[in-house]
**Q** 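Supplied in structure tokens, the structure appears directly below.
Counting convention: from 1, in listed order, for ligands and their atoms alike. The first residue of the sequence shown is numbered 1, and numbering continues consecutively from there. What's counted below: heavy atoms across the whole structure, side chains too, no hydrogens, waters or symmetry copies.
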Amino acid sequence: MTTHVPGDALVSLNAVNKHYGQLHVLKDINLQVRKGEVVVVIGPSGSGKSTLCRAINRLETIDDGSITIDGKELPAEGKALAKLRADVGMVFQSFNLFAHKTILENVTLGPIKVKGASKAEAEKDAMALLERVGVGQQAPKLPAQLSGGQQQRVAIARALAMKPKVMLFDEPTSALDPEMINEVLDVMVQLAKEGMTMIVVTHEMGFARKAADRVVFMADGQIVEDETPEEFFTNPKSSRAKDFLSKLL
Ligand code: ADP
Ligand code: MG
């Protein structure tokens, strides 16, 4: 699903460090994600995966190092940040839909407010996206009327409506009932096949095997392994990765 073009990093983290007080949560992180690449990030709870995602679209500051999206460093604040942040779509564990807005409004809000799209244009795009993730019929409803799996697919459509260059997913299926996990993963696999650049934090090893170009294993704020899924799952190098994988079985 990827054409690897060396040096063509769409997302680039260089010697990134972050502390929360005394806690060193990101330790000298170097990570390059090329256009069209799907990188799955796994690791024990507390290893810094969410902080990494949040740092990439500046929901968190970093202490030193640099993060660039398509060659541009994220500005600290203001309009420039909103614009560049639109390049980075984010889907969280909790769907975070606006509870008092319809599904359609949830998807059109960003394009209208941030991108200056007309209502008609935004609605046309939104309907196409909602159809694509299989919830077109839910457009006039409120989020609470949808199942968790449907809401998460709306959250994906909402992020896609901004036409991001990269999509970040932070445990997008962890809050879902088991029977709804696959309908969300299927949408993600489809996106990967269509060439979307993706960074996905997940415990769904089936997704990693099926869709990942690379598996990044984090522990204690460090990237411990960065391998193809085949290599990582059959031949983990570090004792921490071996230990982590053995606990999944
Ligand atoms: P993961 O997503 O891998 O479970 P996180 O990035 O959420 O890990 O957290 C990494 C570490 O940073 C954990 O020890 C967590 O308790 C701590 N942490 C996360 N957010 C904050 C915060 N806002 N303030 C202080 N500590 C935090
Ligand atoms: Mg997390």
**Q** Counting non-hydrogen protein atoms only, what is the nearest one to atom 4 (O) of ligand 1? Give residue, atom name and distance.
**A**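 So the nearest neighbour among protein heavy atoms is G46 N, 2.7 Å.
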**Q** Is there a donor-acceptor contact under 3.5 Å from the side chain of N106 to the main chain of K101?
**A**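 Side chain of N106 to backbone of K101: a pair is present.
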**Q** At what distance is the nearest protein heavy atom to atom 3 (O) of ligand 1, and which residue and atom is it?
**A**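 Heavy-atom neighbour on the protein nearest atom 3 (O) of ligand 1: K49 NZ, 2.8 Å.
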**Q** Compare all side-chain heavy atoms of F169 with those of V201 and state whether any distance is below 4.5 angstrom.
**A**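 Result no, sub-4.5 Å side-chain heavy-atom pair not found.
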**Q** In the protein, which heavy atom is nearest to atom 8 (O) of ligand 1, and how far is it?
**A**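 Nearest protein contact, heavy atoms only, for atom 8 (O) of ligand 1 is G48 N, 3.2 Å.
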**Q** How long is the span from the CD atom in E121 to the NZ atom in K115, to the nearest 0.5 Å?
**A**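 Interatomic distance, E121 CD to K115 NZ, rounded to 0.5 Å: 11.0 Å.
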**Q** Heavy-atom contact check, 4.0 Å cutoff: does P44 meet ligand 1?
**A**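 Within the 4.0 Å threshold, so yes.
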**Q** In terms of the angle between their ring planes, are F244 and F217 parallel, tilted or perpendicular, with boundaries placed at 30° and 60°?
**A**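 Geometry flag for F217 against F244: tilted rings.
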**Q** Could you find the nearest protein heavy atom to atom 19 (C) of ligand 1 and give me its residue, atom name and distance?
**A**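 Here the nearest protein heavy atom works out to Y20 CE1, 3.4 Å.
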**Q** Give a yes-or-no answer on whether the side chains of K141 and Q138 include a donor-acceptor pair shorter than 3.5 Å.
**A**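 The criterion, which ignores hydrogens and geometry beyond distance, is satisfied for Q138 and K141.
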**Q** Does a donor on one side chain sit under 3.5 Å from an acceptor on the other, for N14 and S12?
**A**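 Yes, because at least one side-chain N or O of N14 sits under 3.5 Å from a partner of the opposite role on S12.
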**Q** Measure from NZ or CZ of R158 to the centre of the six-membered ring of F98 and say whether it is under 6.0 Å with the direction within 45° of the ring axis.
**A**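 R158 over F98 ring: yes.
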**Q** Between the Mg ion (ligand 2) and S45, is there an N, O or S atom separated by less than 2.8 Å?
**A**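 Looking at S45, which is the residue asked about, there is no N, O or S atom under 2.8 Å from the Mg ion (ligand 2).
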**Q** Is V25 in polar range of ligand 1, meaning some N or O pair under 3.5 Å apart?
**A**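 N/O-N/O distance below 3.5 Å does not exist for this pair.
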**Q** Have a look at ligand 1 and work out which part of L23, if any, has a heavy atom under 4.0 Å from it: side chain, backbone, both or neither.
**A**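 It is the side chain that touches ligand 1; the backbone stays farther off.
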**Q** Just heavy atoms, cut-off under 4.0 Å: does T51 contact ligand 1 by side chain, backbone, both, or neither?
**A**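 Both the backbone and the side chain of T51 come within reach of ligand 1.
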**Q** Is the shortest distance from atom 17 (C) of ligand 1 to a protein heavy atom below 4.0 Å?
**A**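 Flag for atom 17 (C) of ligand 1 set to true, protein heavy atom closer than 4.0 Å.
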**Q** Relative to the heavy atoms of S50, which atoms of ligand 1 are at a distance of less than 4.0 Å?
**A**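 That gives atoms 1 (P), 2 (O), 6 (O), 7 (O) of ligand 1.
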**Q** Going by distance only, is there an N or O of S47 that falls short of 3.5 Å from an N or O of ligand 1?
**A**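 Yes, since at least one N or O of S47 sits under 3.5 Å from an N or O of ligand 1.
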**Q** Just checking, is any N or O donor in the side chain of D64 or N17 under 3.5 Å from an acceptor N or O on the other one?
**A**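 Side-chain D/A pair, D64 to N17: present.
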